[in-house]
Amino acid sequence: MTNKPVRVRFAPSPTGPLHIGGVRTALYNYLFAKQHGGKMILRIEDTDQTRFVPGAEQYIIDSLAWCGIQFDESVVNDGPFGPYRQSDRKSLYEQYSDELVASGNAYLAFDTAEELDALRKAAEQEKKTFIYNAETRKSLRNSLNMSKQEVIDRLKDNEPYVVRFLIPEASEVVMNDLIRGQISVRTETLDDKVLFKSDGMPTYHLANIVDDHLMEITHVIRGEEWLPSLPLHVLLYEAFSWEKPEFAHLPLLLKPDGNGKLSKRDGDRLGFPVFPMEWVDPKSGEKSSGYRESGYFADAFINMLALLGWNPGTDQEIFTIDELIAAFSLERVGKSGAKFDPEKTKWFNHQYLVQKSDVVLAEQFMPFLQEKGVEVNPSQVEKVVGLVKERVQFVKELWEESYFFFVAPSSYDEQVVKKRWKENSGAQLTDLAQVIQAVDPFESAAIDEAIKNHITANELSMGAVMNALRLLLVGAAKGPHLGDIMAIIGKEETLKRIENGIKILG
RNA sequence: GCUCCCAUCGUCUAGCCUGGUCAGGACGCCAGGUUUUCAUCCUGGUAACAGGGGUUCAAAUCCCCUUGGGAGUACCA
């Protein structure tokens, strides 16, 4: 490991929304950078102009901001190593491509895409894979097989060409991965990847190495899908005689059912979001749900993601972002893919919801109340939220557990009526209403005491009376302590509900 | 097909490097308890070292094979 200041980058391609696997990669980069007092860089890798999706770059920026992942240098937050969008760095790459050709590490190839396609198809017919390598490159149309003059003539004729990396023959590439340890591959199995495309843009492989070098990236933390191209990247660093960064390839996020990499489609198919924020495809108009819109807290979402593939080695599961920064380490990132569990994500959200103050929750609950046409003062909502927050996972579920604080029951749960409403219930509650009427001040403890005394004095059944009372006040067999409910809705409303209920149920 | 990576409860995982605790925790599920209801909460339970060979007094742990899974295999990233 070097002792240079840590610089890591998250380098997405703006070809669509960022899914949770990408968010996790960004998160691990962020945690690593923060822990080491280093810099976190966002670099947009848009070297493929054919895959440009409008809005994707902004989506990436916005959703990471929602997650609380901040960048020290990015397309919107310029720094000393910019620009941070590869299309804006276009003019930079050709010289490096040329340098590799000049040093004999790369060559020009004039094969057309159609020719190569045909070759691949033919190979496939024989159950083989066409590889542009030592075996085949000698019989293809490239500068290795041409005289200098022929190459010059073709260039003069503006014949399209690509630059391919010349994979060294018969040697072993030995690589180190911070998570997996040493990995080695024989160069015979590698192919001469295109570094520079005929459209004047570099491929990912070239741009990524050049930019990581120029931006002085010290640690490349990326998804495991990049592991197969690590040998190429290592060879590229060696061809340039550049110092390589450390590499860490993160295990993949797998779909909850069956196998395979988690993909866009899985989310709405299985009923949970795969994106941090809602995304509307600009072409099809198709909508994909997001964690933010589904009611997840950003900190709960991040906490859940952090534990998916990494663990602290202790029993702690709830972490603030600062605790994550302090505890994170690449050494404790697992090697195997993790199936994403939507249920546990909800549990995390519940944990965070309960921890939030009543003031904050009331504030977030207000819009839902307004939507229901309920008018209440904030302090009232705070009290209600405090009483019911343990019962829900999401703010939006608060209504279902607390509507009876705001509106009188319009109907009574049939099952409960059957079970709790007896012939004498009406008479008992009429008497009880008298007792309640007399309570002053109208506070939970005082109400409880009055009711208890009344029940004891008259030798009534606590369960029978209270359950019937709950039915009239709530309309169902649910809700917090009855004394608390009555105190909050007030004496007048309490009596009204009792009277009204007796009228209906008899 | 080929190359590379991976393999502990249904899921996330600890334990593996430095062999020797009934293989630990969490989510889920089930049961019991608390409670005037429901939920929370508390207690308990369910459930795993993929298989086979070695090495060793002793293997989840070290080695090999098999099987299974994943990724990559574009002038995409």
Side-chain angles (χ1 to χ4, degrees), chain A residues 11-15 45-48 50-51 86 109 111-113 116-117 120 123-124 126-131 160-164 175 177 179-181 183-186 188-191 193-199 201-205 207-208 223-231 249 251-252 254 256 258-261 304 307-317 332 334-348 350 354 388-392 401 416 419-420 448 451-452 455 461-471 474 476-483:
Chain A
S13 175
T15 54
E45 309 228 322
D46 58 346
T47 51
D48 185 0
T50 64
R51 296 211 307 161
Q86 287 183 331
D111 318 275
T112 65
L116 294 175
D117 270 354
R120 284 197 186 92
E124 212 173 301
E126 296 174 55
K127 281 197 146 190
K128 281 188 197 157
T129 308
F130 169 76
I131 306 179
Y161 69 95
V162 300
V163 175
R164 281 181 183 274
M175 302 153 280
D177 180 276
I179 293 169
R180 282 150 227 285
I183 300 165
S184 58
V185 180
R186 300 284 314 172
E188 296 88 314
T189 66
L190 269 22
D191 60 343
K193 281 272 182 269
V194 172
L195 299 178
F196 204 81
K197 300 184 273 187
S198 57
D199 66 359
M201 283 293 253
T203 60
Y204 165 82
H205 300 295
N208 144 76
E224 192 188 322
E225 68 268 28
W226 293 111
L227 203 49
S229 34
L230 182 57
H249 290 87
L252 262 16
L254 276 16
N259 296 305
K261 193 157 75 153
M304 174 279 294
L307 272 302
L308 214 51
W310 169 83
N311 78 84
T314 67
D315 284 350
Q316 185 178 357
E317 292 204 275
R332 293 204 67 87
K335 294 184 179 73
S336 48
K339 273 186 196 166
F340 171 71
D341 181 6
E343 284 308 311
K344 191 141 188 190
T345 311
K346 290 179 188 165
W347 176 82
F348 271 108
H350 175 252
V354 171
V388 301
K389 67 177 179 182
E390 300 243 319
R391 319 169 161 252
V392 300
E401 298 301 328
V416 182
K419 192 172 170 195
R420 305 293 192 190
D448 285 347
I451 292 178
K452 213 169 140 193
I455 287 173
S461 152
M462 183 70 126
V465 175
M466 295 308 273
N467 283 312
L469 177 59
R470 176 177 298 277
L471 178 63
V474 175
K478 66 175 182 184
H481 186 73
L482 272 182

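Order of the sequence lines sets the chain letters (A, B, ...), proteins ahead of strands, with each chain counted from 1. Computed from a predicted model, the values in this text were never measured in an experiment. The figures here come from the full heavy-atom set of this structure, side chains too, leaving out hydrogens, waters and symmetry mates.
The residue A/Thr15 sits apart from the nucleic acid: no heavy atom pair falls under 4.0 Å. Within the 4.0 angstrom heavy-atom criterion, only backbone atoms of the sugar-phosphate kind lie near A/Thr47; the bases stay farther away. Contact annotation for A/Asp111: base contact, defined as any heavy-atom pair under 4.0 Å involving a base atom. Within 4.0 Å (heavy atoms only), A/Lys346 reaches no atom of the nucleic acid at all. Base engagement by A/Pro480 is indicated by at least one non-hydrogen atom pair under 4.0 Å involving a base atom.
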For nucleotides 39-47 of chain B, which of its nitrogen or oxygen atoms have a protein nitrogen or oxygen under 3.5 Å away, and what is each distance?
unit_1	atom_1	unit_2	atom_2	d
B/A39	N3	A/Arg391	NH2	3.4
B/U40	O2'	A/Glu390	OE1	2.2

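With sequence neighbours left out, A/Thr112 forms a side-chain contact (heavy atoms from CB on, under 4.5 Å) with A/Glu114, A/Glu115, A/Arg141. Residues passing the side-chain contact (heavy atoms from CB on, under 4.5 Å) test with A/Ala109 are A/Tyr107, A/Asp111, A/Tyr132, A/Asn142, A/Val162, A/Arg164, sequence neighbours excluded. Judged as a ring-ring contact (aromatic ring centres under 6.0 Å, His included), and not counting sequence neighbours, the contacts of A/Trp226 are A/Tyr204. Under the ring-ring contact (aromatic ring centres under 6.0 Å, His included) criterion, A/His205 pairs with A/His233, sequence neighbours left out.
When the C1' atom is compared between B/C6 and B/U13, the two are found 15 Å apart, to the nearest whole Å. On the P atoms, B/C12 is 25 Å away from B/U73, given to the nearest whole Å. Rounded to whole Å, the separation between the P atoms of B/A31 and B/G15 comes to 34 Å.
Nucleotide B/U3 has B/A71 as its partner under the Watson-Crick or G-U criteria, with both atom distances under 3.5 Å. With a 3.5 Å ceiling on both atom-pair distances, the Watson-Crick or G-U wobble partner of B/C27 is B/G10.
Regarding A/Met175, its CE atom lies at a distance of 10 Å from the C1' atom of B/U3, rounded to whole Å. Here B/A74 presents its P atom at 10 Å from NE2 of A/His205, a figure rounded to the nearest Å. When rounded to the nearest whole Å, the span between CZ of A/Phe196 and C1' of B/C75 equals 11 Å. Rounded to whole angstrom, the span from the CD1 atom of A/Ile131 across to the P atom of B/G1 amounts to 15 Å.
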*Reading 5' to 3' through nucleotides 4-14 of chain B, protein heavy-atom contacts under 4.0 Å coded B for base, S for sugar-phosphate only, - for none*: SSSS---SSSS

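Of the candidates B/C76, B/C75, B/G25, the closest approach to any side-chain atom of A/Arg51 belongs to B/C76. Distance from the side chain of A/Thr129 is smallest to B/G1 among B/C75, B/A71, B/G1. Of the candidates B/C27, B/U73, B/G70, B/U73 carries the atom nearest the A/Lys193 side chain, counting heavy atoms from C-beta on.
Once rounded to the nearest 0.5 Å, the distance linking NZ of A/Lys346 with CE of A/Met304 reads 12.0 Å.
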*asked:* For A/Val194 and A/Val163: C-alpha separation, side-chain torsions, deciding distance, then whether side chain to side chain contact (heavy atoms under 4.5 Å, CB included) applies.
replied: CA-CA 6 Å; A/Val194 172; A/Val163 175; over 6 Å; no

